[in-house]
Amino acid sequence: MNRRVPLAIPVAVVLVALLVVVLVVMRAAHDRSDVSVQQTRVAEMAPRAAAASQAVNRAIDENAAKGVGVSATRTDRDTAIIGSLVSTAFTWDSGSSYTAARTTLLHQYGLAASNSVITAFVPVSRSAEDYQIDQTGLSCQVDGTPRITLATTVRGVNTYVVSVDVRSTAHGLSGDDPSAAPSRSSDTASSTRTNLLRVGIDASGRVTHASGVAGVGATQVSQDLG
């Protein structure tokens, strides 16, 4: 008798096991490929979905504007004016740029010094030598896109409600000498708040009235290791 015949059983078992392993690996690779394809498709569809959502929102805004007799061209123009006003009020990083922003609001947009937009967001500045803005390295900027909604239209004046997120940051808080120039590698504190405004614009593009209320935001302190 051939004593090697019994060895055929374990060899067959090994071959079957190897085949099973190969099939499992191939299946796993196929599944990973399917997941990868799905992820790619989702990534490709995301911009289209965002564009479609924007188109729907714009159509809603246009229909709402038409309902009160305001053209999309007019609201687009007003929105651009409001965006510029908001950017002016909430974008500065030094005492001089703060003063420039305040001056622009007073003269270019015609806001009175007693207007709540001025008193709430850019109140009367102090002398250049006494700027807390420069001492602390304080800066301010608009965070994201302002949300602008047409509220009323009366005798050619459109009044909009504006919600804008504003981020303020102070640098160099750990310095021993408060009069020294701020260090960008020191501790920083930042606060993001949502401010509300009402802005009226007439048919000529002039800001007829504006008011504002400062929001409340959470403050975060971080260490800049750079």
Side-chain angles (χ1 to χ4, degrees), residues 50-128 131 133 138-169 191-217:
S53 177
Q54 291 177 358
V56 169
N57 290 336
R58 181 172 179 79
I60 293 173
D61 292 340
E62 289 179 352
N63 288 334
K66 289 178 181 178
V68 293
V70 180
S71 68
T73 301
R74 169 72 184 275
T75 56
D76 286 346
R77 186 208 62 181
D78 292 350
T79 297
I81 294 172
I82 294 172
S84 179
L85 185 152
V86 166
S87 178
T88 298
F90 300 114
T91 305
W92 40 265
D93 59 5
S94 65
S96 59
S97 61
Y98 171 92
T99 297
R102 187 174 186 276
T103 300
T104 299
L105 292 173
L106 291 172
H107 298 289
Q108 180 175 326
Y109 294 99
L111 302 185
S114 59
N115 185 282
S116 59
V117 172
I118 300 295
T119 58
F121 307 124
V122 281
V124 177
S125 58
R126 296 172 294 178
S127 64
Y131 266 135
I133 293 173
L138 185 64
S139 62
C140 182
Q141 64 181 12
V142 176
D143 188 6
T145 302
R147 297 167 291 281
I148 304 172
T149 303
L150 177 62
T152 63
T153 177
V154 179
R155 292 188 292 274
V157 176
N158 292 343
T159 298
Y160 297 84
V161 175
V162 185
S163 174
V164 54
D165 296 331
V166 178
R167 184 177 182 83
S168 301
T169 304
S191 174
T192 300
R193 63 176 60 188
T194 300
N195 297 321
L196 299 178
L197 296 87
R198 287 179 66 89
V199 182
I201 302 178
D202 66 13
S204 68
R206 180 177 65 90
V207 175
T208 61
H209 60 276
S211 60
V213 178
V216 178

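For this chain, numbers begin at 1 and follow the sequence in order. Owing to the predicted nature of the structure, the values given are computational and were not obtained by experimental measurement.
Closest heavy-atom contact between Tyr109 and Ser84: OH-OG, 2.8 Å. Closest non-hydrogen pair, Ser168 versus Cys140, comes out as OG-SG, 4.0 Å. What you find for Thr119 and Ala113 is that their closest heavy atoms are CG2-O, 3.6 Å. For Ala112 against Ile118, the heavy-atom pair with the smallest separation is O-CG1, 3.5 Å. The heavy-atom pair separating Arg193 from Ala214 by the smallest distance is NH1-CB, 4.0 Å.
Between atom OG1 of residue Thr75 and atom CG of residue Asn158 there is a gap of 8.0 Å, rounded to the nearest 0.5 Å.
Taking a 6.0 Å sphere around CZ of Arg198, one finds it holds 12 or fewer heavy atoms contributed by other residues, nucleotides or ligands.
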For this session: Please test Thr73 against Ser71 for side chain to side chain donor-acceptor pair (under 3.5 Å), starting from the C-alpha separation and ending with a verdict.
Result: CA-CA 5 Å; Thr73 301; Ser71 68; 4.7 Å; no
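Among residue pairs with one or both ends in residues 138-164, those qualifying as salt bridge (charged side-chain N to carboxylate O under 4.0 Å, His left out) are Arg147-Asp165; sequence neighbours excluded.
Partner of Phe121 under the side chain to side chain contact (heavy atoms under 4.5 Å, CB included) criterion, out of Asn115, Leu197, Val86: Leu197 alone. If you run side chain to side chain donor-acceptor pair (under 3.5 Å) between Tyr160 and each of Thr79, Thr149, Asp78, only Asp78 comes through.
Residues Val154 and Thr159 form no side-chain contact, since every pair of their non-hydrogen atoms from C-beta on lies 4.5 Å or further apart.
Panel note: side chain Thr192, backbone Arg167; no donor-acceptor pair is recorded below 3.5 Å.
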